[in-house]
Amino acid sequence: MADPPKAAERLLRALLPPASVDAMTGDLLEEYRATRVPAAGRRRADFWYARQVAGVFLRAYGWFVVPLLVTVVVRDLFNTFRDASGASYLDGLPRLALVPVSPGVAVAVLLATAAYGTWRTERWAGGVVASLGLFVVTWLFMAVWWNATLYPFAQAQQTNPYWIQAWQWSTHRAHPPTLAGFNPDTPGETFLRWMFWDNVGALFFAGLVMGAVSIVCGVVGSAMGWTCRRLVAR
Amino acid sequence: MADILGSFEQAVLLAIVRLDDNAYGRAILNEVAARLERDVAAGAVQATLDRLERKGLVRSRLGSGTPIRDGRARRFYAVQAEGRRALNEAKAAHDSLWRGFPRPLKARG
(Lines give C-alpha, C1' and ligand atoms only; values in the text may rest on other atoms or scores of the structure.)
Protein backbone atom coordinates (compact mmCIF):
# COMPACT_ATOMS: atom_id res chain seq x y z
CA MET A 1 0.00 0.00 0.00
CA ALA A 2 1.15 3.52 -0.82
CA ASP A 3 2.20 5.86 1.96
CA PRO A 4 1.93 9.65 2.05
CA PRO A 5 5.19 11.63 2.35
CA LYS A 6 6.80 10.82 5.70
CA ALA A 7 7.71 14.45 6.42
CA ALA A 8 4.12 15.61 5.84
CA GLU A 9 2.76 12.94 8.15
CA ARG A 10 5.28 13.80 10.89
CA LEU A 11 4.35 17.45 10.52
CA LEU A 12 0.66 16.61 10.82
CA ARG A 13 1.30 14.65 14.02
CA ALA A 14 3.15 17.64 15.47
CA LEU A 15 0.20 19.92 14.68
CA LEU A 16 -2.55 17.89 16.33
CA PRO A 17 -3.61 17.52 19.96
CA PRO A 18 -2.85 13.98 21.23
CA ALA A 19 -6.57 13.05 21.35
CA SER A 20 -6.96 13.74 17.60
CA VAL A 21 -3.72 12.28 16.25
CA ASP A 22 -4.79 8.69 15.55
CA ALA A 23 -8.26 9.49 14.22
CA MET A 24 -7.14 12.38 12.00
CA THR A 25 -4.00 10.79 10.57
CA GLY A 26 -5.96 7.55 10.10
CA ASP A 27 -8.76 9.35 8.23
CA LEU A 28 -6.30 11.06 5.90
CA LEU A 29 -4.33 7.85 5.37
CA GLU A 30 -7.52 5.95 4.53
CA GLU A 31 -8.67 8.63 2.10
CA TYR A 32 -5.19 8.79 0.56
CA ARG A 33 -4.96 5.04 0.00
CA ALA A 34 -8.58 4.21 -0.78
CA THR A 35 -9.54 7.19 -2.96
CA ARG A 36 -6.82 9.68 -3.87
CA VAL A 37 -4.03 7.39 -5.10
CA PRO A 38 -6.30 5.13 -7.20
CA ALA A 39 -8.18 8.12 -8.67
CA ALA A 40 -5.39 10.64 -9.28
CA GLY A 41 -2.05 8.84 -8.95
CA ARG A 42 0.68 9.04 -6.37
CA ARG A 43 2.02 12.53 -7.09
CA ARG A 44 -1.35 14.29 -7.02
CA ALA A 45 -2.34 12.31 -3.95
CA ASP A 46 0.86 13.49 -2.22
CA PHE A 47 0.00 17.07 -3.18
CA TRP A 48 -3.52 16.61 -1.79
CA TYR A 49 -2.07 15.27 1.47
CA ALA A 50 0.35 18.20 1.78
CA ARG A 51 -2.56 20.61 1.20
CA GLN A 52 -4.53 18.99 4.00
CA VAL A 53 -1.55 19.39 6.37
CA ALA A 54 -1.18 23.06 5.36
CA GLY A 55 -4.92 23.51 5.98
CA VAL A 56 -4.64 22.04 9.47
CA PHE A 57 -1.72 24.41 10.21
CA LEU A 58 -3.56 27.49 8.97
CA ARG A 59 -6.72 26.61 10.89
CA ALA A 60 -4.76 26.16 14.10
CA TYR A 61 -2.35 29.09 13.80
CA GLY A 62 -3.76 31.31 11.04
CA TRP A 63 -4.54 34.21 13.37
CA PHE A 64 -0.92 34.40 14.49
CA VAL A 65 0.17 34.95 10.90
CA VAL A 66 -1.90 38.12 10.48
CA PRO A 67 0.23 40.53 12.61
CA LEU A 68 3.41 39.30 10.89
CA LEU A 69 1.96 39.88 7.42
CA VAL A 70 0.70 43.32 8.43
CA THR A 71 4.20 44.17 9.70
CA VAL A 72 5.78 43.05 6.42
CA VAL A 73 3.35 45.09 4.33
CA VAL A 74 3.46 48.27 6.44
CA ARG A 75 7.26 48.24 6.72
CA ASP A 76 7.65 47.66 2.98
CA LEU A 77 5.24 50.48 2.14
CA PHE A 78 7.08 52.91 4.39
CA ASN A 79 10.45 51.73 3.10
CA THR A 80 9.37 52.22 -0.51
CA PHE A 81 7.53 55.52 -0.32
CA ARG A 82 9.99 57.97 1.23
CA ASP A 83 10.29 61.71 0.92
CA ALA A 84 12.89 63.22 -1.41
CA SER A 85 15.56 63.31 1.32
CA GLY A 86 15.13 59.57 1.89
CA ALA A 87 13.48 59.88 5.28
CA SER A 88 10.76 57.28 5.84
CA TYR A 89 7.32 58.58 6.70
CA LEU A 90 7.38 56.01 9.50
CA ASP A 91 10.12 58.02 11.22
CA GLY A 92 7.76 60.92 11.82
CA LEU A 93 5.21 58.86 13.72
CA PRO A 94 5.04 58.82 17.53
CA ARG A 95 6.91 55.90 19.10
CA LEU A 96 3.74 54.28 20.38
CA ALA A 97 2.31 54.12 16.86
CA LEU A 98 5.35 52.12 15.73
CA VAL A 99 4.94 49.38 18.35
CA PRO A 100 2.49 47.20 16.34
CA VAL A 101 4.96 46.97 13.44
CA SER A 102 8.17 46.68 15.45
CA PRO A 103 10.46 43.62 15.30
CA GLY A 104 9.74 43.13 19.02
CA VAL A 105 6.11 42.42 18.26
CA ALA A 106 7.12 39.89 15.59
CA VAL A 107 9.30 38.11 18.17
CA ALA A 108 6.44 38.21 20.70
CA VAL A 109 4.08 36.67 18.11
CA LEU A 110 6.55 33.86 17.39
CA LEU A 111 6.94 33.21 21.13
CA ALA A 112 3.18 33.22 21.66
CA THR A 113 2.66 30.84 18.73
CA ALA A 114 5.25 28.41 20.08
CA ALA A 115 3.79 28.60 23.60
CA TYR A 116 0.27 28.01 22.27
CA GLY A 117 1.51 25.20 20.02
CA THR A 118 3.09 23.36 22.94
CA TRP A 119 0.04 23.97 25.11
CA ARG A 120 -2.31 22.71 22.41
CA THR A 121 -0.34 19.64 21.31
CA GLU A 122 1.20 18.85 24.70
CA ARG A 123 4.54 18.44 22.93
CA TRP A 124 7.66 20.57 22.61
CA ALA A 125 7.85 19.72 18.94
CA GLY A 126 4.35 21.16 18.47
CA GLY A 127 5.54 24.61 19.55
CA VAL A 128 8.70 24.55 17.46
CA VAL A 129 6.78 23.38 14.37
CA ALA A 130 4.18 26.12 14.92
CA SER A 131 6.87 28.80 15.11
CA LEU A 132 8.73 27.47 12.07
CA GLY A 133 5.48 27.14 10.15
CA LEU A 134 4.71 30.77 10.87
CA PHE A 135 8.11 31.71 9.49
CA VAL A 136 7.56 29.67 6.30
CA VAL A 137 4.13 31.22 5.66
CA THR A 138 5.46 34.74 6.26
CA TRP A 139 8.49 34.14 4.04
CA LEU A 140 6.35 32.77 1.21
CA PHE A 141 4.05 35.77 1.54
CA MET A 142 7.08 38.08 1.34
CA ALA A 143 8.23 36.37 -1.85
CA VAL A 144 4.80 36.79 -3.46
CA TRP A 145 4.33 40.34 -2.16
CA TRP A 146 7.69 41.58 -3.38
CA ASN A 147 7.23 40.02 -6.79
CA ALA A 148 3.71 41.40 -7.15
CA THR A 149 4.67 44.92 -6.08
CA LEU A 150 8.07 45.12 -7.78
CA TYR A 151 6.92 46.79 -10.99
CA PRO A 152 4.31 49.26 -9.67
CA PHE A 153 6.50 50.28 -6.74
CA ALA A 154 9.55 50.70 -8.99
CA GLN A 155 7.52 53.08 -11.17
CA ALA A 156 6.89 55.30 -8.17
CA GLN A 157 10.44 54.97 -6.82
CA GLN A 158 11.94 56.12 -10.13
CA THR A 159 10.41 59.56 -9.54
CA ASN A 160 12.11 59.92 -6.15
CA PRO A 161 15.63 61.48 -6.10
CA TYR A 162 16.56 59.39 -3.05
CA TRP A 163 15.99 56.09 -4.88
CA ILE A 164 17.68 57.36 -8.05
CA GLN A 165 20.72 58.28 -5.98
CA ALA A 166 20.70 54.90 -4.25
CA TRP A 167 20.57 53.15 -7.63
CA GLN A 168 23.41 55.29 -9.03
CA TRP A 169 25.55 54.70 -5.96
CA SER A 170 24.95 50.97 -6.08
CA THR A 171 25.81 50.60 -9.75
CA HIS A 172 28.71 53.09 -10.09
CA ARG A 173 30.50 53.13 -6.73
CA ALA A 174 34.17 52.13 -6.52
CA HIS A 175 34.43 48.76 -4.86
CA PRO A 176 37.49 47.63 -2.89
CA PRO A 177 39.52 44.99 -4.71
CA THR A 178 38.99 42.43 -1.96
CA LEU A 179 36.54 40.31 -3.90
CA ALA A 180 38.93 38.89 -6.46
CA GLY A 181 37.28 37.99 -9.72
CA PHE A 182 33.97 39.56 -8.79
CA ASN A 183 33.11 42.97 -10.09
CA PRO A 184 29.82 44.26 -8.69
CA ASP A 185 30.06 47.47 -10.71
CA THR A 186 27.30 47.18 -13.28
CA PRO A 187 26.89 50.55 -14.99
CA GLY A 188 24.39 49.09 -17.46
CA GLU A 189 22.05 47.95 -14.72
CA THR A 190 18.51 49.27 -15.19
CA PHE A 191 16.58 50.56 -12.21
CA LEU A 192 14.07 47.69 -12.38
CA ARG A 193 16.77 45.04 -12.59
CA TRP A 194 18.66 46.61 -9.69
CA MET A 195 15.44 46.68 -7.64
CA PHE A 196 14.71 43.04 -8.49
CA TRP A 197 18.11 41.82 -7.24
CA ASP A 198 17.79 44.07 -4.20
CA ASN A 199 14.52 42.27 -3.38
CA VAL A 200 16.06 38.85 -3.96
CA GLY A 201 18.94 39.70 -1.61
CA ALA A 202 16.56 41.07 1.00
CA LEU A 203 14.37 37.97 0.73
CA PHE A 204 17.37 35.68 1.21
CA PHE A 205 18.78 37.70 4.11
CA ALA A 206 15.39 38.14 5.79
CA GLY A 207 14.78 34.41 5.39
CA LEU A 208 18.05 33.53 7.14
CA VAL A 209 17.43 35.95 10.01
CA MET A 210 13.74 35.05 10.42
CA GLY A 211 14.49 31.33 10.22
CA ALA A 212 17.07 31.58 12.99
CA VAL A 213 14.83 33.79 15.13
CA SER A 214 11.84 31.47 14.67
CA ILE A 215 13.89 28.45 15.80
CA VAL A 216 15.07 30.28 18.93
CA CYS A 217 11.55 31.60 19.61
CA GLY A 218 10.16 28.11 18.97
CA VAL A 219 12.38 26.59 21.64
CA VAL A 220 11.92 29.42 24.17
CA GLY A 221 8.15 29.70 23.53
CA SER A 222 7.76 25.93 23.84
CA ALA A 223 9.50 26.07 27.22
CA MET A 224 7.08 28.81 28.26
CA GLY A 225 4.04 26.83 27.09
CA TRP A 226 5.30 23.66 28.71
CA THR A 227 5.92 25.44 32.03
CA CYS A 228 2.44 27.03 31.97
CA ARG A 229 0.84 23.68 31.29
CA ARG A 230 2.69 22.03 34.18
CA LEU A 231 1.80 24.88 36.54
CA VAL A 232 -1.89 24.65 35.61
CA ALA A 233 -1.85 20.86 35.96
CA ARG A 234 -0.64 21.10 39.60
CA MET B 1 -32.87 29.09 21.76
CA ALA B 2 -29.49 27.58 20.95
CA ASP B 3 -26.85 29.40 18.88
CA ILE B 4 -27.81 29.63 15.23
CA LEU B 5 -25.78 27.05 13.36
CA GLY B 6 -23.58 28.13 10.48
CA SER B 7 -24.22 26.51 7.09
CA PHE B 8 -21.06 24.37 7.32
CA GLU B 9 -22.02 23.24 10.83
CA GLN B 10 -25.43 22.24 9.48
CA ALA B 11 -23.78 20.32 6.63
CA VAL B 12 -21.58 18.41 9.08
CA LEU B 13 -24.44 17.68 11.50
CA LEU B 14 -26.72 16.49 8.68
CA ALA B 15 -23.92 14.28 7.34
CA ILE B 16 -23.65 12.63 10.77
CA VAL B 17 -27.42 12.08 10.87
CA ARG B 18 -27.38 10.57 7.37
CA LEU B 19 -24.40 8.31 8.03
CA ASP B 20 -25.90 7.12 11.31
CA ASP B 21 -23.64 4.38 12.76
CA ASN B 22 -20.95 4.93 10.14
CA ALA B 23 -20.30 8.61 10.92
CA TYR B 24 -16.52 8.87 11.31
CA GLY B 25 -14.08 11.51 10.03
CA ARG B 26 -13.45 10.36 6.47
CA ALA B 27 -17.06 9.32 5.80
CA ILE B 28 -18.28 12.71 7.08
CA LEU B 29 -15.71 14.50 4.93
CA ASN B 30 -16.85 12.69 1.79
CA GLU B 31 -20.56 13.11 2.59
CA VAL B 32 -20.17 16.86 3.15
CA ALA B 33 -18.08 17.22 -0.04
CA ALA B 34 -20.69 15.30 -2.05
CA ARG B 35 -23.61 17.37 -0.71
CA LEU B 36 -21.85 20.72 -1.14
CA GLU B 37 -20.45 19.62 -4.52
CA ARG B 38 -16.97 20.96 -3.79
CA ASP B 39 -13.68 19.82 -2.36
CA VAL B 40 -13.67 20.16 1.42
CA ALA B 41 -10.56 20.32 3.61
CA ALA B 42 -10.26 17.58 6.21
CA GLY B 43 -9.02 20.19 8.69
CA ALA B 44 -12.21 22.23 8.24
CA VAL B 45 -14.40 19.22 9.01
CA GLN B 46 -12.25 18.22 11.99
CA ALA B 47 -12.30 21.76 13.42
CA THR B 48 -16.10 21.87 13.03
CA LEU B 49 -16.53 18.48 14.70
CA ASP B 50 -14.35 19.62 17.62
CA ARG B 51 -16.42 22.80 17.96
CA LEU B 52 -19.74 20.94 17.81
CA GLU B 53 -18.49 18.51 20.45
CA ARG B 54 -17.43 21.38 22.72
CA LYS B 55 -20.93 22.87 22.31
CA GLY B 56 -22.45 19.53 23.31
CA LEU B 57 -24.23 19.03 19.98
CA VAL B 58 -22.36 15.81 19.12
CA ARG B 59 -20.60 13.14 21.09
CA SER B 60 -17.73 10.96 19.91
CA ARG B 61 -16.33 7.54 20.74
CA LEU B 62 -13.27 5.69 19.48
CA GLY B 63 -13.81 2.61 17.32
CA SER B 64 -11.39 0.02 16.07
CA GLY B 65 -8.77 0.52 13.36
CA THR B 66 -8.52 -1.20 9.98
CA PRO B 67 -5.50 -2.36 7.95
CA ILE B 68 -5.91 0.45 5.39
CA ARG B 69 -5.49 2.92 8.28
CA ASP B 70 -2.52 1.00 9.66
CA GLY B 71 -4.72 0.07 12.62
CA ARG B 72 -5.36 3.66 13.70
CA ALA B 73 -8.65 4.10 15.52
CA ARG B 74 -11.71 5.70 13.93
CA ARG B 75 -13.58 8.32 15.89
CA PHE B 76 -17.35 7.91 15.45
CA TYR B 77 -19.76 10.77 16.02
CA ALA B 78 -23.42 10.84 17.05
CA VAL B 79 -25.75 13.84 17.12
CA GLN B 80 -27.13 14.58 20.60
CA ALA B 81 -30.67 15.77 21.40
CA GLU B 82 -29.32 19.34 21.64
CA GLY B 83 -27.81 18.96 18.15
CA ARG B 84 -31.12 17.78 16.65
CA ARG B 85 -32.89 20.70 18.31
CA ALA B 86 -30.33 23.12 16.86
CA LEU B 87 -30.79 21.60 13.39
CA ASN B 88 -34.58 21.93 13.62
CA GLU B 89 -34.26 25.55 14.73
CA ALA B 90 -31.89 26.31 11.85
CA LYS B 91 -34.35 24.75 9.40
CA ALA B 92 -37.26 26.73 10.88
CA ALA B 93 -35.23 29.97 10.68
CA HIS B 94 -34.31 29.18 7.07
CA ASP B 95 -37.96 28.43 6.13
CA SER B 96 -39.12 31.57 7.89
CA LEU B 97 -36.68 33.67 5.84
CA TRP B 98 -38.03 32.20 2.59
CA ARG B 99 -41.72 32.27 3.50
CA GLY B 100 -43.75 34.33 1.04
CA PHE B 101 -41.15 34.24 -1.75
CA PRO B 102 -41.86 32.41 -4.96
CA ARG B 103 -38.98 30.03 -5.69
CA PRO B 104 -36.73 30.51 -7.55
CA LEU B 105 -36.49 34.29 -7.30
CA LYS B 106 -36.93 35.98 -10.64
CA ALA B 107 -34.14 38.19 -11.92
CA ARG B 108 -35.02 41.91 -12.11
CA GLY B 109 -33.98 44.48 -14.62
Side-chain angles (χ1 to χ4, degrees), chain A residues 1-6 8-40 44-63 65 116-117 120-122 126 129-130 133 137, chain B residues 6-9 11-12 15-16 18-79:
Chain A
M1 276 190 281
D3 283 320
K6 285 265 182 291
E9 194 169 338
R10 258 190 225 131
L11 206 61
L12 180 62
R13 284 179 172 276
L15 290 171
L16 294 168
S20 305
V21 169
D22 263 14
M24 182 73 177
T25 58
D27 285 340
L28 287 183
L29 183 63
E30 189 180 339
E31 176 71 8
Y32 176 88
R33 285 174 172 169
T35 307
R36 301 288 162 168
V37 173
R44 294 186 79 172
D46 284 352
F47 181 64
W48 171 84
Y49 195 93
R51 258 184 33 226
Q52 302 307 311
V53 176
V56 169
F57 173 81
L58 288 175
R59 263 171 201 89
Y61 302 105
W63 286 108
V65 179
Y116 172 65
R120 184 174 172 272
T121 62
E122 299 174 29
V129 163
V137 172
Chain B
S7 57
F8 197 74
E9 287 177 326
V12 170
I16 299 172
R18 275 202 187 91
L19 291 163
D20 200 18
D21 286 343
N22 195 34
Y24 72 99
R26 180 188 167 228
I28 298 169
L29 171 73
N30 288 335
E31 176 68 21
V32 171
R35 295 282 165 182
L36 296 180
E37 296 180 0
R38 64 177 165 90
D39 208 9
V40 172
V45 172
Q46 190 58 47
T48 306
L49 286 167
D50 289 345
R51 190 168 59 249
L52 292 172
E53 192 163 19
R54 277 199 304 275
K55 286 182 182 175
L57 305 186
V58 301
R59 187 179 287 173
S60 72
R61 64 174 174 83
L62 282 178
S64 56
T66 55
I68 201 167
R69 300 166 64 91
D70 285 352
R72 292 170 208 175
R74 283 174 173 166
R75 185 174 286 278
F76 289 92
Y77 293 85
V79 178

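In what follows, chains carry the letters A, B, and so on, assigned in the order in which the sequence lines appear, proteins first and then strands, with residues in each chain numbered from 1.
B:Ala44 touches chain A through backbone and side chain together, each having a heavy atom under 4.5 Å away. Interface residue A:Glu30: backbone and side-chain heavy atoms are both found under 4.5 Å from chain B.
Residue A:Arg10 qualifies as open at atom CZ: its count of foreign heavy atoms under 6.0 Å is 12 or below.
The side-chain heavy atoms of B:Tyr77 and B:Leu19, taken from C-beta on, include no pair separated by under 4.5 Å.
For A:Glu9 and A:Tyr32, the side-chain atoms include no donor-acceptor pair closer than 3.5 Å.
Counting heavy-atom pairs closer than 4.5 Å to chain B, the top-ranked of the candidates A:Thr25, A:Val56, A:Thr35 is A:Thr25. Ranked by heavy-atom pairs under 4.5 Å with chain A, the list B:Gln46, B:Arg72, B:Arg75 is led by B:Arg72.
Applying the side-chain contact (heavy atoms from CB on, under 4.5 Å) test between A:Tyr49 and each of A:Val37, A:Leu29, A:Leu12, A:Asp3 identifies A:Leu12 as the sole match.
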